[in-house]
Amino acid sequence: MLLTLLLVLLLVLLAAGGYGTVAPARPQGSRYLYSVSLAVCTVLLLLALAHLLSGREPLHLSLPLGLPWLGLHLRLDALSAFFLVVVNLGGAVASLFGLGYGAHEREPERVLPFYPAFLAGMNLVLLADDAFAFLFAWEFMSISSWALVMAHHREPANLRAGYLYLVMACFGTLALLLAFGLLAGVDGGYGFAAMRASQTPPALAALVLVLALLGAGSKAGLVPLHVWLPLAHPAAPSHVSALMSGVMTKVAVYGFIRIVFDLLGGESAVWWWGGLVLAAGGVTAVLGVLYALMQHDLKRLLAYHTVENIGIIFIGLGLALAFQANLMYFNAALALTAALFHVLNHSLFKSLLFLGAGAVLTATGERDMERLGGLIHRMPHTALAFLIGSAAISALPPLNGFVSEWMTFQAILNSPELPQWLLKFLVPAVGALLALSAALAAACFVKAFGITFLGRPRSPAAADAGETDRFSLSAMFVLAGLCLLAGVLPGLVVDGLGPVVGLLNGGARLTDQYHQPWLTLVPVGPLKSSYNGLLVMLFMAVSGVAAALLIHRFASSAVRRGPAWDCGFPDASPATQYTAGSFAQPIRRVFGSLVFQARERVTMPPPGDLRPARLEVELHDPVWERAYAPIAAAVIAVSTRANVLQYLTIRRYLSLVFGALVVLLLGMALWR
Amino acid sequence: MHSLEFDIAHFLAGGMVVLSFLLLYQDRVYALLNVFALHSLVLALAVGWQAYIQEAHHLYVTAGIALVFKAIVIPMALRRIVRRLGIHRTLEVVGGVGRDMLAGAALVALAIMVMLPVTVGADALAREDLAFALAVLLLGLLLMVNRHNAISLVIGFMSLENGLVLAAAGARGMPLAVEISVAFSVLIALIVIGVFLFRIRERFDSVDMQAMDSFRESRLK
């Protein structure tokens with residue numbers, strides 16, 4: 001019954017997509033469309049939340065659609081309900097933002113038809129209970145989001161982004177297709193129920209894990225499969241960027257969890273699986289944030305941070321796999337809870353940050369941070385929301401990012417109980433990588449917020465910016481409020497995640513947190529560690545107010561006018577301010593020369609010469625140059641060779657067919 | 001097993017293979033057409049005989065189609081085309097007869113080596129028929145590869161198609177609807193090919209494939 005209702009709501013979304021083809025011609029068309037998306041997403045969100053919290057049994061629905069001998073199977077269990085909450089929360093807020101943003105869209109006919117379809121596709125992936133429906137919905141999601149990436153297709157960079165996205169999406173789906181093929185076995189049991197029931201041989205199961213890591217990882221943005229993500233996510237309109245980065249990557253994480261933890265089953269896990277996922281996550285986290293630090297394009301910086309956060313999530317999942325393989329279900333529950341909590345958190349603050357970047361983009365027309373600045377005076381509310389998002393993604397208490405990363409660390413601290421020596425060494429190393437990435441993320445967001453919102457405007461566009469509209473602001477503040485709420489009341493979220501963790505972890509889950517005094521989060525045991533967001537917030541509020549009072553008490557109240565702290569340039573032009581590039585320079589010096597082969601060249605004109613001094617920075621993308629460029633070169637070389645085949649004579653073609661046939665027949669005759 | 005029925009079916013199918021060999025070294029266009037007409041006639045007889053011994057009445061229709069279209073209409077139409085193109089006196093250079101015969105014999109051996117082990121479960125008649133059909137098909141392809149003249153290519157294609165029909169008839173028949181649609185598609189192919197031949201002739205003053213290739217721009221880099 002509930003599933004039928006959900007399906008009907010998805011059909012409403014698809015119908016809204018159909019309306020999107022005519023909506024741009026109507027005066028209020030885009031507003032109606034976003035209102036419908038908002039309403040449908042809100043209802044979906046509430047239904048999924050109710051299902052998750054009620055802890056009911058999974059629901060099933062089979063329809064005679066899709067492949068004739070398979071049909072369409074849908075299923076709503078705790079895992080899909082949780083991800084439905086994440087997806088539709090993001091969808092609802094992005095739609096709310098769209099209500100205001102839609103007025104600024106230059107080519108609404110390229111956005112409106114695909115936006116609801118994209119939402120419907122993501123929802124359908126979560127409900128699918130057979131391989132065909134899953135892959136169909138997955139491709140539907142990919143292609144509708146590709147259309148949204150190509151919305152502003154006249155910019156050459158977007159064309160490249162779209163092409164790369166399409167190639168990587170095809171690669172990912174191919175990997176998933178092969179994974180499902182292996183899971184289905186020789187009998188072709190493509191329903192998920194059959195896959196759950198069947199036992200995959202260990203060698204094949206390992207292959208499925210690798211394929212799932214490739215398939216879901218390419219969509220989620222695991223290094224080195226991330227190359228399309230920082231190009232494609234920023235190319236879309238900002239609320240779609242928020243959806244792609246905040247939500248679609250989570251659908252990819254869902255795909256990985258569904259295949260590895262549910263269909264393969266955690267009990268068939270081998271310890272090195274966890275090590276593999278852990279290593280991938282650790283490398284992704286650090287490289288993602290290093291890439292982000294080198295970026296001065298606000299939206300691309302956020303996209304690279306998505307890569308980093310996906311790494312953090314996969315660290316949690318890898319830990320859970322390692323613990324499950326060693327039958328340490330309590331620790332596995334802790335790691336899984338941390339990963340899923342971070343899924344929710346990242347969807348909240350990354351959507352918030354992308355919406356903030358979108359508000360800045362509409363107000364100034366600029367994405368380059370070197371041309372922004374001083375926006376806190378012109379867009380104070382956006383600045384506040386962006387600040388909250390920045391603090392959350394930098395894992396500062398009392399916000400939500402801290403809780404999930406803290407829980408990941410708790411799981412890492414329990415790793416010495418693991419028996420394998422390799423894991424004993426690997427997990428602390430990954431912990432160090434995680435700590436490094438958290439610190440670098442904080443540095444990166446000091447840069448992002450400081451250069452964009454503080455200082456003085458670096459361009460006329462930034463100087464003339466105005467505050468964004470009410471819809472966009474309310475969307476951002478809903479997310480900011482949720483960031484704070486999830487940070488202060490983490491116990492409630494952990495309890496909400498309980499059924500999901502139980503489903504994936506053979507019934508083992510964290511103890512209920514709601515009866516802990518003062519809303520404290522005690523994941524492991526009262527003697528080991530606990531965290532109380534409320535207390536931290538109170539302490540910060542009290543100490544902040546006390547510091548302010550003290551300063552005002554002892555500071556002189558007399559007004560004194562004089563030159564400000566001016567660093568020796570009393571009437572400086574905005575160009576003399578700290579820039580994003582100069583902020584990132586120390587980190588570029590430390591890590592960039594190793595990772596990016598960064599080279600800096602300073603050319604100083606001799607005295608008397610009027611030319612300006614120049615500082616040139618040269619960066620290399622290691623992943624692109626080592627992995628992708630050789631592949632692309634090889635493809636081009638092979639296809640140039642094969643191009644000869646396009647221009648043969650008809651007799652040559654016939655001879656080729658004839659020769660191939662004879663060779664195959666000979667092979668057949670000799671084989672037997 | 002070795003009844004008269006089997007022997008006659010064997011004889012007719014084998015006759016098609018022999019006629020395919022005949023096709024291989026005909027260097028005059030009319031002779032090629034005549035042998036093709038004979039090829040199709042033997043096909044009609046073979047399919048008719050299959051219809052009789054299998055008591056599959058729809059195969060009579062197949063045989064009729066083969067007789068009317070392939071043995072009479074198509075050769076006559078091609079003959080008219082040849083006359084109007086004025087190429088009935090041209091001699092086509094056929095590579096060494098001995099070489100073609102050897103290659104053909106090797107192909108027949110290959111067909112038998114492939115088909116007999118694959119169809120162990122089936123009855124002897126179907127196995128022999130399938131082996132012969134594959135041989136006819138391969139010989140048709142060999143003809144197409146060997147010839148320059150567009151008419152010869154068409155004949156090669158049609159004899160290849162005869163092999164397919166023989167295979168279908170031997171393997172307990174294909175549905176009549178499929179057979180009729182195949183026959184029609186062959187007819188349409190004939191019409192299209194005829195039209196094209198005249199167009200090619202208008203353009204290039206020749207239906208020799210080698211002459212046409214020389215007109216192609218060299219687009220190779």
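Throughout, a chain's letter reflects where its sequence line sits, starting with A, and its residues are numbered from 1. All heavy atoms count here, side chains included; hydrogens, waters and symmetry mates do not.
Atom CZ of A/Phe596 has more than 12 neighbouring heavy atoms from other residues, nucleotides or ligands inside a 6.0 Å radius. Within 6.0 Å of the CZ atom in A/Arg196, the count of heavy atoms belonging to other residues, nucleotides or ligands exceeds 12. More than 12 heavy atoms of other residues, nucleotides or ligands sit less than 6.0 Å from atom CE of B/Met101. Atom OH of A/Tyr163 has 12 or fewer neighbouring heavy atoms from other residues, nucleotides or ligands inside a 6.0 Å radius.
Closest approach of A/Phe658 and B/Leu138 over heavy atoms only: CE1-O, 3.5 Å. Summarising the geometry of A/Met668 relative to B/Val114, their closest heavy-atom pair is CE-CG1, 3.9 Å, with the distance given to 0.1 Å.
Only the side chain of A/Leu661 comes within contact range of chain B, with heavy atoms under 4.5 Å apart. B/Leu142 touches chain A through backbone and side chain together, each having a heavy atom under 4.5 Å away.
Counting heavy atoms from C-beta on, the side chains of B/Leu134 and A/Leu665 come closer than 4.5 Å. A 4.5 Å side-chain heavy-atom check between A/Val657 and B/Val145 finds every atom pair outside the cut-off.
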